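If you're wondering where the values come from, they're calculated on a predicted model, not measured in any experiment. Naming: A, B, ... by sequence-line order, numbering from 1 per chain.
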Amino acid sequence: MRNTRPLRAVSLCVGLALFLSGCTGGAGTQSLYGQILNTSIASISAKRADKVEQPVVTRAVLNEVEEPYIQVTRERADISAYLFASAIRQDDLPGNIVQWRAEDDVTVTMRNGVLIATRGLGGDLMSAKVPVAPGQAGPAASGERIYYVRTGDLEERAIFMACDLVDLGPETIEIVELRYATRHLQERCVTPDGDRPPEALRRGEGRIVNDYWIDQRAGIVWKSRQWAGPHIGYLGISQLTE
Amino acid sequence: MTERVFPRRRTRRAAALFPAMLLAAPVMAQGAGPLEPSLDLPTPPTLNFYGSPGLMDMPTAEMLPDGQFTTTISNFGGQTRLTTTFQALPWLSASFRYNGIQDWNFGGFETYYDRGFDVRFRLFTEGRYRPALTLGLQDFVGTGIYAAEYLVATKNFATPGWGPASLPGRLKLTAGVGWGRLGSYNSFGAPFGADRPAYDPNSTGGKVAYDQWFRGDAAFFGGIEWNPNERWGFKVEYSSDAYNFETGVTSVFERKSNYNFGVEYQASERTRLGAYYMYGSEIGVTAQFQLNPAEPANRLAAPAPVAIEKRPARATNPEAYDTAWAQSTSAGVEWRDRLAPELRKEGIGIDYITLSGSAVELRYRNLRYNSQTIAAGRAARVLARMLPASVETFHLVPMSGAIGLSTITMRRSDLEALEFEPDATDALLAVTGITEAGKLPPTAVPGVALYPNFAWGIGPYFDPAYFDPDVPIRMDFGLQIHATYEFSPTWKISGEIRHRLFGNNADGRGSNSVLPPVRTNQVLYAQEDTTLHDLYIEHRRKVARNVYGRATLGYLEPMFAGVSTELLWKPVQSPLGLGVEANYVRQREFDQRFGLQDYSVLTGHASAYLEMGNGFVGQLDVGRYLAGDVGATVSLDRTFANGWSVGGWFTLTDVSSEDFGEGSFDKGIRFSIPVNWFFGKPTRQSIGTGIRPIQRDGGQRLNVPGRLYGQVRDAHAKALRGEWARVWE
């Protein structure tokens, strides 16, 4: 008798969950309460999953990989993922476009190693005007930069910035046990009224800094830290495999 | 064949080596650095006991951020106020309030419940030296227990802050002059005349009380709010409200002081809690909830699309552009079968597809996305990935049943060229055509197994009834089963059965109406547990250029059955739509089975709909209502591209305010919130409701399912442009 009690409780819970979630058939979509329930469960399990330690990737593991991979870290959320090259393109503008894709259908797109778009993160960088030149990895010049950002009520907003490109000289960096001789370039960008003190900044005004560690002869941006718009913030990007 | 699907190119080994780590995981993110450009809305003002920006009982001159939607619950001295406020324009806000006063013991009420509306207009924004100035009308319709008018000024100052961020605190000084309730303590006279009628708890109310605005005694009020950091706030005010009725005629509480004190704490981004010492005798509390349609709880993130594949250059690879494949009689069917599963992955169902060597017209149903533009973008991507290179022009026709809503025309070469260009969104809009959906081409191939289509669902339902004088909110809760059978795109049968599990709607008050009781018999309709909510057959189609038609027959809603017909004229590019609707209905039996009562009525309206810019949609309906009364309904809604809408309506008919009863005429507010606003996942559902201060029988329209305007507007030029940013998502 005592043993049946937990069973009854479980079946009651399952019954209640089924009742609240509802059931549908045919070409109709899932019921509203079902979606609420599913999303809540997914979000709870995702929060639990986040507490799992991120595994350490070694060079021995990377040597087994034949495809190019990058690691992307969202600084604000302190989470990272490995992305594979899912598309390579050229268009009428200078630079090679590579779109990188994560397991959870997030993409990060770069032109000559300079970030031009994200998708699947929410508040995405829809497109960007970046100063790149043919055959030159990373940003090629000082000048205007425009970020087109999805925000608010499904609108897209342009953030205009003036950037100074500064050469900080040679630096040796390490990515998963391998050392690379690079040149450290820094882009210092400011919006038209973005040079005020923090408390006097108006909405959409401010300044950002993008860093690139580049092997200019090989034409590879090995590592970078780039701003992806006000809703996503900075992304740390390292090239793990070529 | 150019069919190359890119994403899973990596080796199996890599998949095994790399742990599946997620980039889009919903974790609590930190905020932006202090120097980064931010598009977050500014910190909104705090709210008072009446749910307006303010101190405690007194208002301030601040306005909420544009579009802000707030709910405030406050209580002190046995008086509870529940207020919702909407900032409809940067300089205009409107509030609806429901309040209960305990220990009233007057006019037969132990606890007195009332509803009221407020509006506030900002006259000046705050300048460097000039304070903001706002004019407010409080409880300006109805019996007006809280009726007051005021002119108030507020000025912000920076102060030293608390905490490590070393950001400055804010000090807000407020002073104002009030009339009515806000002119009742220590008044300095009546500058605009003394002829203000006293509060009359027995009036039917409902009339706009413009004849008493700014009349009678006036008094000064004021106060200070100090926010040393983003979490804490302190308030002090001098109240000019004497609470004459509550402390003189009845004994609701004791007013011992003119000063009120409070401390508030920002518990979360959207929630603020406050505790107060009121009038020297009472403890008060508030809970303030604020949200903004433009700041979703979770930012909408659809799974990233696959990049558009570029076709080989025509000059170097002319054979790829050969159109011979299109000569085959089976080409249409073949391509439909190849495209269908790929489109289905994007939540798109094929209704019809028409292929030629150089163009494709896809008539499709958007089953997943709230936004029509993301569905169009995803459909275009699938076509660009799959179809032979010679197909250059894409005509995308979103459908609602058999109705083609509009034609979105894109060139494949534009999609290829623009995907990664700066400002691709505007660049694509500039080369995209949005036109009327034409007639179905004779060579169109229908989608597979779309019809007949049977869909069903079981789920819970909630049926609230508001503002009963005995119980503020009544609610029925139960199980509903609905089913829809679509014979063809133009014909469907739909029905819903409800079974109540528990609830108390059946205990409400009966009708005391002198009009035919077309709505006030809701208690009689709430007696049975199992009811047929609706059961009808519907026919919908496009009847001429720019003209859409609907005919519906059956048990249309819980209280009426009959026949309903509608015609709507709405050109794709026009902000104006015109419609007519005619219905002949008979009142249903209270048990809501198949029986009908004797009362029948011919009801119908001529309607004009106007998209006025800034998301405002106005509607004017002129015609005959369910009780046989003749008049007009004016409604105004602010719609947001993300699916939010907030609005209100009022109806004036030839029924006198005496015959109408309490409230004098029909009016209410309504809102609708898309589910994806909360969860950030694509869905098409929304939650919403309309709330009337009181339900009477005058000015009542039939609730017909499937009215045309909302469905049609959704995919017309203005709506598509408003949400165009999603086309590349």
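Comparing A/Gln90, A/Arg157, A/Arg119 by how many heavy-atom pairs each has under 4.5 Å with chain B, the most go to A/Arg119. When the candidates A/Met126, A/Arg111, A/Met161, A/Glu156 are compared by the number of heavy-atom contacts under 4.5 Å with chain B, A/Glu156 comes out ahead. Heavy-atom pairs under 4.5 Å with chain A were tallied for B/Pro422, B/Pro37, B/Ala294; the largest tally goes to B/Pro37. Contact count against chain A (heavy-atom pairs under 4.5 Å) is highest for B/Leu41 among B/Thr373, B/Thr484, B/Leu41, B/Asn292. Heavy-atom pairs under 4.5 Å with chain A were tallied for B/Glu295, B/Lys310, B/Glu416; the largest tally goes to B/Lys310. The candidate from A/Ile208, A/Leu121, A/Val72, A/Leu201 with the greatest count of non-hydrogen atom pairs under 4.5 Å with chain B is A/Leu121.
Using a 4.5 Å cut-off between heavy atoms, B/Leu418 makes no contact with chain A at all. For chain A, no part of B/Asp426 is nearby; none of its heavy atoms comes within less than 4.5 Å. Heavy atoms of A/Leu83 lying under 4.5 Å from chain B belong exclusively to its side chain. Neither the backbone nor the side chain of B/Gln480 has a heavy atom closer than 4.5 Å to any heavy atom of chain A. Neither the backbone nor the side chain of A/Ala117 comes within contact range of chain B, judged by heavy atoms closer than 4.5 Å. For A/Glu155, the part lying near chain B is the backbone, with the side chain staying farther off; criterion is any non-hydrogen pair under 4.5 Å. Contact annotation for A/Ile146: neither backbone nor side-chain heavy atoms come within less than 4.5 Å of a heavy atom of chain B. Heavy-atom distances place no part of A/Val190 under 4.5 Å from chain B, backbone and side chain included.
In this structure, CD on B/Glu346 lies 6.5 Å from CZ on B/Arg368, to the nearest 0.5 angstrom. In this structure, CZ on A/Arg225 lies 8.5 Å from CG on A/Asn210, to the nearest 0.5 angstrom. Interatomic distance, A/Lys129 NZ to A/Leu93 CG, rounded to the nearest 0.5 Å: 9.5 Å.
Inspection of the A/His231 and A/Thr151 side chains reveals an N or O donor paired with an N or O acceptor under 3.5 Å. Between A/Asp124 and A/Thr118, the side chains place a donor N or O and an acceptor N or O closer than 3.5 Å (distance only, hydrogens not considered). Side-chain contact, A/Glu205 with A/Thr191: a donor N or O sits under 3.5 Å from an acceptor N or O.
Here B/Phe69 pairs with B/Trp644, B/Phe671 under the ring pair (Phe, Tyr, Trp, His ring centres under 6.0 Å) rule; sequence neighbours left out. Under the ring pair (Phe, Tyr, Trp, His ring centres under 6.0 Å) criterion, A/Tyr147 pairs with A/Trp227, not counting sequence neighbours.
Between B/Phe477 and B/Phe462, a ring centre-to-centre spacing shorter than 6.0 Å is recorded.
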